[in-house]
Chemist: 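Quick one: the structure is below, and I'll ask about it shortly.
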Amino acid sequence: MRSASIALVLPLVASCATAPPQAGSAGERRVQYECTGGEKIEMRFFPAQGIGVLVRNGMPIELQQQPAASGFLYSNGPNTVRGKGSEMTVEIGRMVPFTCKAT
């Protein structure tokens, strides 16, 4: 009986370990930014997982944390955010980078 219980619990534990972070997760930090042109975006930081999520126009873009000399840097290749203090620069594909300031 005990081995059957363990067999049922192990897949659940394994799936939790590989699931992406969810909004409201422990350790999550959300920062609202206002960007050039008045656009408002949100950056969600999940430091324990090394992931950041840029939310722009209601669409989440998952980014991996990258080494940075100072401040923060997250990228998934075509999309990059880098910042220090209350300022952040956003690069999306081939668009001209734009700057944002925490509100």
Side-chain angles (χ1 to χ4, degrees):
M1 181 69 141
R2 181 181 172 149
S3 62
S5 297
I6 292 173
L8 291 173
V9 171
L10 284 177
L12 293 173
V13 172
S15 68
C16 291
T18 58
Q22 299 295 312
S25 298
E28 172 191 15
R29 185 171 145 241
R30 293 181 178 207
V31 181
Q32 305 292 322
Y33 289 88
E34 186 164 340
C35 306
T36 51
E39 181 178 3
K40 294 182 184 201
I41 62 173
E42 178 180 75
M43 188 66 191
R44 299 175 185 163
F45 298 93
F46 300 89
Q49 294 89 0
I51 294 172
V53 177
L54 172 66
V55 181
R56 182 173 186 240
N57 298 323
M59 299 295 298
I61 302 170
E62 189 172 308
L63 308 166
Q64 297 296 313
Q65 187 173 18
Q66 306 294 319
S70 65
F72 60 87
L73 174 61
Y74 290 85
S75 182
N76 66 1
N79 306 298
T80 301
V81 296
R82 64 185 80 234
K84 186 173 182 181
S86 64
E87 296 190 4
M88 178 173 75
T89 301
V90 180
E91 301 170 22
I92 298 177
R94 295 178 184 228
M95 290 176 47
V96 174
F98 55 94
T99 58
C100 306
K101 188 165 180 96
T103 57

Chemist: Closest approach of I41 and C100, non-hydrogen atoms and distance?
Modeler: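 Heavy atoms of I41 and C100 come nearest at CD1-SG, 3.7 Å.
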
Chemist: How close do A68 and G71 get, heavy atom to heavy atom, and via which atoms?
Modeler: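 In terms of heavy atoms, the two residues are closest at CB-O, 4.1 Å.
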
Chemist: How long is the span from the CD atom in E91 to the CZ atom in F98, to the nearest 0.5 Å?
Modeler: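 Reported to 0.5 Å precision, the distance equals 10.0 Å.
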
Chemist: Minimum heavy-atom separation for P67 and L73, please, with both atom names.
Modeler: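 For P67 versus L73, the nearest heavy atoms are O-CD2, 3.5 Å.
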
Chemist: Which hydrophobic side chains are connected to V96, either touching it within the sub-4.5 Å cutoff or through other members that do?
Modeler: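 Besides V96, the hydrophobic cluster comprises nothing; the residue is isolated.
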
Chemist: I61, F45: one ILVMFWY side-chain cluster at the under-4.5 Å cut-off?
Modeler: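 Linked within one cluster.
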
Chemist: Quick check on the hydrophobic clustering: are L63 and V90 connected, directly or via other members, by side-chain heavy-atom contacts under 4.5 Å?
Modeler: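 Looking at the clustering, V90 is in the same group as L63.
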
Chemist: Just wondering, do I92 and R56 contact through their side chains at under 4.5 Å, heavy atoms?
Modeler: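 In short, these two side chains touch, coming nearer than 4.5 Å.
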
Chemist: For the residue pair M43 and Y33, what are the closest heavy atoms and their distance?
Modeler: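 Here M43 and Y33 meet closest at CB-CE1, 3.8 Å.
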
Chemist: Which heavy atom in N76 sits nearest to a heavy atom in E62, and how many Å separate them?
Modeler: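 So the two residues come closest at ND2-O, 3.3 Å.
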
Chemist: Just how far is it from atom CD1 of I51 to atom CZ of R44, taken to the nearest 0.5 Å?
Modeler: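 It is 13.0 Å, given to the nearest 0.5 Å.
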
Chemist: Return yes if some donor-acceptor pair links the side-chain N/O of Q66 with the main-chain N/O of Q64 below 3.5 Å, else return no.
Modeler: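 Yes; judged by distance alone, with no hydrogens or angles, the pair exists.
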
Chemist: What is the minimum heavy-atom distance between Q65 and P47, and which atoms define it?
Modeler: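 For Q65 and P47, the tightest heavy-atom pair comes out as OE1-O, 4.3 Å.
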
Chemist: Are T99 and E87 packed together at the side-chain level, in the sense that at least one heavy-atom pair is separated by less than 4.5 angstrom?
Modeler: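 Counting from C-beta outward, T99 and E87 never come under 4.5 Å.
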
Chemist: Just wondering, do E42 and V53 contact through their side chains at under 4.5 Å, heavy atoms?
Modeler: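 V53 vs E42: side chains apart.
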
Chemist: Show every salt bridge (charged side-chain N to carboxylate O under 4.0 Å, His left out) that has at least one partner inside residues 72-81, sequence neighbours left out.
Modeler: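 Of all non-adjacent pairs touching residues 72-81, none passes salt bridge (charged side-chain N to carboxylate O under 4.0 Å, His left out).
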
Chemist: Run the side chain to side chain contact (heavy atoms under 4.5 Å, CB included) test against M59 and tell me which residues pass, sequence neighbours left out.
Modeler: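 Listed in chain order: nothing, the list is empty.
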
